[in-house]
Amino acid sequence: MEKKKIEKEYLLKLNLLNKHNNLYYDKSKPQISDSKYDKLKAEIQNLEKKFKFLNNINSPSKTVGFKPSKIFEKYKHKVQMLSLSNAFDYEDLRNFEKKILNFLNKNTELQYSVEPKIDGVSASLTYRNKELVHGVSRGDGKIGEIITDNLKTINDIPLKISSSNFPKEIEIRGEVFIKKKDFLRIKDNFANPRNAASGSLRQKDPQQTKKIPLNFIAYTFGFIEKNYFIYQSDFLKELKNWGFKTNLDNKVLSGITNLIEFHKKFEERRFDLDYDVDGLVYKINEINLQNRLGFTSNAPRWAIAHKFSADNANTRVLNIEIQVGRTGALTPVAKVEPVNIGGVVVSNATLHNEEEIKRKDIRIGDIVKIERAGDVIPHVIEVDKIKRDKNSKEFQFPLKCPFCGSETIKEFNKTTKKYDAVRRCMNSKFLCEKIAIEKIKHFVSKEALNIDGLGKKVVEKFWDLRLIKMPQDIFRLDYNKIKNLEGWGQTSVNNLKSSIEKSKKVTLQKFVYSIGIRHIGIENAKIISENVKNISEFIKIIKNKKYDYFLNIDGIGETQINSLRHFFSYELNFKIMFELSRILNIVSDNSNRSGKLKNKTFMFTGKLDGISRAEAKSMIEKNSGNTMSNISKNLDFLVIGENPTKRKIEQAKKLNIKVIKQRELYKLLN
Ligand code: IVH
């Protein structure tokens with residue numbers, strides 16, 4: 001038992017160290033001071049010295065002497081480096097294709113470029129006049145770091161191109177990785193090949209990068225001066241002609257059935273390959289269709305990563321804790337005996353909600369199988385009921401909020417006519433402390449105000465010290481107090497000050513998202529902000545309770561409107577928004593939109609010919625226009641398709657709204 005206890009303590013410390021490594025190296029947002037970090041590392045090493053049975057691939061004794069620098073010049077990508085959505089099973093895959101066919105209003109077999117998804121780190125190489133001018137890391141997708149000199153040490157990356165048909169300017173994107181056999185030689189220094197590649201690329205001294213044998217495989221382009229490619233597979237072929245390495249297993253396949261068959265076969269070969277793969281990427285092969293499909297806010301609609309089965313392991317549930325999020329949702333989390341799953345120490349697994357615990361009958365003390373796939377939160381697959389203790393009791397889900405003691409409820413969904421699976425603390429406003437803290441964390445998060453240096457732990461600390469209670473308190477922090485806190489000093493205070501100052505200029509979209517209204521995610525915040533002209537307009541609508549205004553906006557439904565109404569029925573929420581609007585410089589998203597349809601609104605009636613509503617909408621938005629779902633005096637054009645609703649046409653005519661045919665819409669769009 002003693003041994004078990006020691007092992008547990010050791011793994012907990014390792015896990016913590018891993019977390020801080022990640023915050024420091026990958027996120028560049030350290031949450032503890034260097035001295036605390038060193039102390040934690042020493043504690044782990046002392047344990048190892050004392051108890052020889054302790055041994056783990058993540059141990060600092062195996063990764064010492066390698067500390068990538070975190071100071072690189074930043075670079076704004078000309079074309080964002082987005083991620084891919086994931087498909088874990090065939091159903092996800094079928095849904096992916098269904099959505100595409102609906103969007104394109106097609107019912108044909110689609111052709112895909114199928115490419116192994118190498119598990120490395122992505123990089124973007126800019127070539128101008130056939131010469132590599134800079135190489136950049138992905139960063140957060142918008143802003144990366146200039147690591148040209150390090151990338152230049154990779155043999156697979158051509159510095160000059162001799163082909164005559166090479167574009168004048170192009171960003172070539174691909175994966176930097178280390179081969180399994182090369183990793184074997186240095187495996188004592190890193191947790192896995194991916195870490196080795198990422199750490200090596202972020203060395204300050206390119207001579208250090210050179211020591212580790214890195215490879216580069218190209219698979220896509222970012223900015224391209226003139227795109228003449230018809231198929232992704234043509235582009236891949238051309239990459240090879242230009243002198244880039246491409247994956248030998250790239251393929252062109254049609255139809256989901258063939259994709260599934262290939263996935264099965266490839267997964268069997270997975271471990272025989274010379275590099276780590278975590279799935280296959282399927283891209284719609286026709287570039288023209290890719291362009292029509294476009295992007296959602298974080299991934300292309302035309303591609304998906306079909307993951308291989310996740311790693312799993314058995315462990316014991318030590319406790320079931322209830323977390324409360326910013327919308328009041330009670331989320332159960334299993335605290336488990338730390339276990340290594342595919343190179344990562346896992347000590348938490350999400351249990352999703354009350355229903356999930358009931359369905360799987362998960363109890364404290366149970367031995368459970370936990371699955372982890374890529375960056376997805378680990379979850380419990382099943383309970384080993386044979387190993388269950390006779391005296392174990394069913395888990396009783398709390399009926400009151402564990403933080404403020406208020407009532408919790410499961411809401412009734414009018415559309416599905418079912419009760420929600422999620423239980424919520426109804427003490428919204430800022431009265432449930434836990435909800436309030438979570439709201440502040442949301443407010444400063446990356447997609448919202450993006451305040452560097454104000455991570456989750458810092459928010460919690462400032463809250464405990466009563467430095468912040470409301471989002472607006474962030475802008476009147478007592479820096480003299482902060483300067484004297486442990487782990488803080490003048491430099492970190494100055495950094496924080498400047499990132500808070502920087503965050504004051506924010507787009508209306510991000511602002512609307514940042515207030516944390518339930519059901520108003522990034523996409524809905526975008527739709528709202530593109531429709532209301534500016535923040536004063538938004539405030540006016542809310543103040544006068546003119547929620548019907550939102551009814552007209554395409555994409556905003558009853559759920560969102562009820563949520564807005566509910567949120568602002570609390571005086572405090574309105575006050576917070578109003579005060580923030582005074583402090584911040586909220587710029588309208590429309591201001592930098594310059595398309596042909598700028599400030600013009602459209603609505604459809606009847607079936608369109610050859611394209612879906614979704615695509616027509618996306619075409620209008622690409623040209624800076626907006627779409628509405630109801631006729632009002634704010635509407636500029638009613639576009640009529642086959643079998644339009646007569647009443648709508650009459651209404652439009654009464655209001656002097658232009659009624660146009662699909663053909664005329666195309667004319668407006670050129
Ligand atoms: S295309 C907009 N193709 O997967 C689409 N990505 O989750 C951009 N990856 O960051 C990505 N192999 O690091 C693409 N053949 C492939 C890939 C690939 C690996 C990685 C890449 C990207 C991540 C997306």
Side-chain angles (χ1 to χ4, degrees), residues 297 428-430 439-440 442-445 447-451 470-476 500-557 560-595 597-603 620-621 624-636 655 657:
S297 46
S428 30
K429 303 184 261 185
F430 275 74
K439 283 192 177 199
I440 294 173
H442 170 78
F443 181 74
V444 301
S445 67
E447 285 82 16
L449 260 76
N450 189 16
I451 305 185
M470 303 277 168
Q472 59 271 44
D473 297 336
I474 292 170
F475 304 98
R476 39 186 184 232
I500 289 179
E501 211 41 53
K502 210 172 85 197
S503 77
K504 280 189 179 166
K505 184 170 177 192
V506 62
T507 61
L508 182 57
Q509 174 192 334
K510 288 199 169 194
F511 178 68
V512 171
Y513 172 73
S514 77
I515 332 171
I517 308 164
R518 211 175 136 207
H519 300 299
I520 308 292
I522 299 177
E523 282 293 328
N524 284 330
K526 181 168 166 236
I527 300 177
I528 291 178
S529 65
E530 280 169 0
N531 277 275
V532 301
K533 285 187 211 82
N534 48 44
I535 182 67
S536 341
E537 202 64 28
F538 185 67
I539 292 178
K540 215 159 91 193
I541 296 168
I542 302 291
K543 195 163 175 212
N544 298 327
K545 302 199 169 51
K546 293 263 196 285
Y547 291 99
D548 281 356
Y549 173 89
F550 299 113
L551 257 180
N552 296 330
I553 304 179
D554 205 13
I556 300 291
Q560 287 76 25
I561 293 170
N562 284 340
S563 182
L564 279 161
R565 190 179 282 127
H566 176 79
F567 184 85
F568 288 112
S569 68
Y570 296 115
E571 192 57 36
L572 185 62
N573 283 337
F574 183 81
K575 193 174 154 237
I576 291 172
M577 173 181 72
F578 189 73
E579 280 189 25
L580 283 171
S581 75
R582 295 270 155 131
I583 299 169
L584 303 172
N585 172 14
I586 304 168
V587 291
S588 310
D589 305 76
N590 295 331
S591 54
N592 55 4
R593 302 197 337 148
S594 53
L597 306 182
K598 188 179 167 191
N599 295 334
K600 295 277 178 276
T601 54
F602 294 80
M603 186 184 144
I620 287 173
E621 283 167 1
S624 315
N626 288 320
T627 54
M628 308 192 97
S629 58
N630 273 305
I631 295 191
S632 75
K633 60 179 191 318
N634 298 326
L635 183 67
D636 297 309
L655 289 169
I657 291 163

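Note that CD1 of I500 is 11.0 Å distant from CD1 of I583, once rounded to the nearest 0.5 Å. Rounded to the nearest 0.5 angstrom, Y513 OH and S445 OG are separated by 5.0 Å. To the nearest 0.5 Å, atom CE of residue M603 and atom OG of residue S629 are 7.0 Å apart. Note that OG of S581 is 12.0 Å distant from CD1 of I576, once rounded to the nearest 0.5 Å. To the nearest 0.5 Å, the span separating NZ on K504 from CG on L449 amounts to 11.0 Å. We find the OG-CG distance between S529 and N524 to be 10.5 Å, quoted to the nearest 0.5 Å.
Minimum interatomic distance between A525 and Q509 (heavy atoms only, all atoms of both residues): CB-O, 3.5 Å. Taking all atoms of both residues into account, the shortest heavy-atom contact from A448 to K510 is O-CD, 3.5 Å. The nearest pair of heavy atoms linking R476 to Q472 is NH2-CG, 3.2 Å. Scanning both residues, F475 and F443, for their nearest heavy atoms gives CE1-CE2, 4.0 Å. Taking each heavy atom of M577 and I515 in turn, the nearest pair found is SD-CD1, 4.1 Å.
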Hey, mind stepping through N630 and S632 against side chain to side chain contact (heavy atoms under 4.5 Å, CB included) and telling me if it holds? CA-CA 6 Å; N630 273 305; S632 75; 5.8 Å; no
Might you work through the side chain to side chain contact (heavy atoms under 4.5 Å, CB included) test for L655 and I631, ending with a clear yes or no? CA-CA 9 Å; L655 289 169; I631 295 191; 3.8 Å; yes
Start with the C-alpha gap between I440 and I474, add the side-chain angles, then the distance that decides, and say whether side chain to side chain contact (heavy atoms under 4.5 Å, CB included) holds. CA-CA 9 Å; I440 294 173; I474 292 170; 4.2 Å; yes
N626 and K600: CA distance, side-chain angles, deciding distance, side chain to side chain contact (heavy atoms under 4.5 Å, CB included) verdict: CA-CA 6 Å; N626 288 320; K600 295 277 178 276; over 6 Å; no
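A salt bridge links E579 with K575: the closest approach of a Lys/Arg side-chain nitrogen to an acidic carboxylate oxygen falls below 4.0 angstrom.
When atom types are taken as modelled, the side chain of S624 and the backbone of G595 share a donor-acceptor pair closer than 3.5 angstrom. Checking side-chain atoms of N585 against main-chain N and O of V506 turns up no donor-acceptor pair under 3.5 Å. Checked by atom type and distance alone, the side chain of H519 never pairs as donor or acceptor with a backbone atom of L564 at under 3.5 Å. A donor-acceptor pair is defined here as one N or O able to donate and one able to accept, closer than 3.5 Å; no such pair exists between the side chain of S503 and the backbone of I451.
For the pairing with F578, the side-chain contact (heavy atoms from CB on, under 4.5 Å) check across N573, I535, I539 returns one residue only, I539.
In this structure the side chain of I520 reaches within 4.5 angstrom of the side chain of V512, judged on heavy atoms. Using a 4.5 Å heavy-atom cutoff, the side chains of L572 and M470 are in contact.
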Ignoring hydrogens and angles, write down the donor-acceptor pairs under 3.5 Å from the side chains of residues 540-557, residues two or more places apart or on other chains.
unit_1	atom_1	unit_2	atom_2	d
N544	ND2	K540	O	3.3
Y549	OH	N531	O	3.0
D554	OD2	T627	OG1	3.3

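Inspection of the T601 and D636 side chains reveals an N or O donor paired with an N or O acceptor under 3.5 Å.
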